[in-house]
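First up is the structure itself, then whatever we jot down about it.
Computed from a prediction, not measured in an experiment: that's the story for all the values here. Lettering of chains follows the sequences in order, A, B, ..., and the numbering in each one begins at 1.
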Number of protein chains: 2
Amino acid sequence: MNNELEQYIKLHFGVIDANELKTISSLFELITIKKGDYFIKHGKRADKLSFVKDGLLRIFAQTGKQEITQWISSKGYFVADISGFVFDNPSRWNIQALVDTQIYTISKDKYNSIGDFIPKWNKVEKLFIVRCFTIMEDRIFSHLSMTAQERYILFFENNKELFNHVPLQYIASMLGMTPETFSRIRKKTLL
Amino acid sequence: MNNELEQYIKLHFGVIDANELKTISSLFELITIKKGDYFIKHGKRADKLSFVKDGLLRIFAQTGKQEITQWISSKGYFVADISGFVFDNPSRWNIQALVDTQIYTISKDKYNSIGDFIPKWNKVEKLFIVRCFTIMEDRIFSHLSMTAQERYILFFENNKELFNHVPLQYIASMLGMTPETFSRIRKKTLL
DNA sequence: TTAATCTCTTGACATTAATCAAGCAATTAA
DNA sequence: TTAATTGCTTGATTAATGTCAAGAGATTAA
């Protein structure tokens with residue numbers, strides 16, 4: 001169906017046969033989420049998994065009166081409320097489009113069928129999740145061992161492109177600091 | 001081989017047939033790690049996975065001159081350098097016994113053979129890792145949205161027993177604060 | 001176009017947490 | 001038993017970060 005999606009799948013899930021890739025990608029559907037609209041709402045069913053073809057999605061939660069941004073997904077990233085997708089729990093997160101965003105999306109049922117015709121899939125999938133897990137480990141470690149400025153620099157080095165396209169307050173939140181602190185660090189860091 | 005281990009596996013990996021459980025648990029070996037000794041050392045091969053039968057293991061890393069405790073595993077917990085176990089990377093962590101500790105341990109090769117005689121294993125395993133992943137999500141969220149005191153209270157409520165057996169400085173580190181801050185919070189929190 | 005809204009920045013100030021230094025138990029080693 | 005060592009606490013101080021308030025510039029809506 002779509003070569004671009006096949007690339008993303010290959011990127012995240014590793015080497016799979018070209019025909020298989022084609023079959024998998026054909027299970028996805030291309031949809032558009034308008035700026036401000038939600039892919040997934042907190043507390044609702046979240047049985048979808050997606051890859052961002054173009055645009056930006058913000059994953060966040062509400063605590064009291066403030067919103068905490070957990071992550072921002074851009075082109076090529078995969079997006080889901082994993083707990084909802086795997087366990088049918090109500091979504092832990094809100095996932096909202098920051099700009100008009102195109103995503104390749106797949107339902108849980110279709111996704112689970114992949115294992116039926118690609119035996120290897122379960123293993124491949126596990127490797128993918130383990131990689132996600134180690135990213136989370138690193139992220140926690142950054143909060144245990146680094147200052148706000150150090151987290152800023154590390155994130156900036158690896159995600160320069162985001163800074164031009166995303167409201168900085170959201171990046172501040174996902175790095176665990178206020179917009180004011182973020183702004184001051186930015187000023188003194190001069191990158 | 002061992003009913004206790006079977007309980008742990010069941011606890012972490014969900015419902016599996018009793019015979020299968022028996023088979024799986026027979027692949028594990030019971031070993032003892034003396035206080036201060038290492039289960040896994042940073043940078044070394046880490047192709048083992050274990051369950052703590054009794055005792056305490058501290059997972060930590062060195063940054064400059066300070067040690068950052070990532071986690072403390074007590075009775076019933078599973079322990080591994082996941083990235084090393086799955087991808088054969090050098091270990092990201094040191095894992096050291098805080099007291100004489102008994103663990104049920106399995107090599108990567110034996111572990112991987114489980115899937116051969118229990119077809120369901122790959123799926124079960126995935127669910128386990130996803131659960132670990134959501135725990136990490138929560139932990140990150142706690143650093144984005146909570147103060148040191150709030151993290152302290154949350155952790156204390158869920159891990160009271162640890163406080164009597166583990167040097168508090170390690171708990172402080174794994175909650176992302178200094179021992180001094182931890183001590184002061186403890187004093188004013190009076191739990 | 002004008003008004004309203006967002007977003008970022010800045011300043012003044014308050015709070016939180018880290019650092020440094022000392023001391024006191026408790027534990028371990030000699 | 002005495003002497004180290006370790007782990008925890010406390011005080012004084014400094015540094016980092018948060019809060020509140022205001023303003024400037026850009027964007028959006030009327």
A:K65 NZ - D:dC20 C1' separation (whole Å)
13 Å

Backbone of A:Y170 reached by a side-chain donor or acceptor of A:S173 within 3.5 Å
no

Between NE2 of B:H165 and P of D:dC8 the distance, given in whole Å, is 14 Å

Aromatic rings B:F78 and B:F128: how do their planes relate, parallel, tilted or perpendicular, breaks at 30° and 60°?
perpendicular

Between CG of B:L98 and C1' of D:dG7 the distance, given in whole Å, is 13 Å

Between B:Y77 and B:Y8, is the gap from one ring center to the other below 6.0 Å?
no

Would one find a side-chain N or O of B:K187 under 4.0 angstrom from OP1 or OP2 of D:dC8?
no

A:Y152 atom OH is separated from C:dC8 atom C1', nearest whole Å, by 13 Å

Send over the distance from A:E150 CD to C:dA17 P, rounded to a whole Å.
18 Å

Between the protein and nucleotides 15-19 of chain D, list the N/O to N/O atom pairs that are separated by less than 3.5 angstrom.
{"from": "D:dT17", "atom 1": "OP1", "to": "A:A148", "atom 2": "N", "distance (Å)": "2.9"}
{"from": "D:dG18", "atom 1": "OP2", "to": "A:T178", "atom 2": "N", "distance (Å)": "3.2"}
{"from": "D:dG18", "atom 1": "OP2", "to": "A:T178", "atom 2": "OG1", "distance (Å)": "3.3"}
{"from": "D:dG18", "atom 1": "OP2", "to": "A:T181", "atom 2": "OG1", "distance (Å)": "2.7"}
{"from": "D:dT19", "atom 1": "O4", "to": "A:R184", "atom 2": "NH1", "distance (Å)": "3.4"}

Please work out whether the ring planes of A:F156 and A:F163 are parallel, tilted or perpendicular, with thresholds of 30° and 60°.
perpendicular

Just the rounded figure in Å: distance from P of C:dT16 to CZ of B:R186.
20 Å

Could you state the CG-P distance from B:L168 to D:dG7, rounded to the nearest angstrom?
10 Å

Can a salt bridge be assigned to the pair A:R92 and B:D138 using a cut-off of 4.0 Å between side-chain N and carboxylate O?
yes

Under 3.5 Å, is there a donor-acceptor pair between the side chain of A:E157 and the main chain of A:L154?
no

Using whole Å, report how far NZ of B:K35 lies from C1' of C:dA29.
12 Å

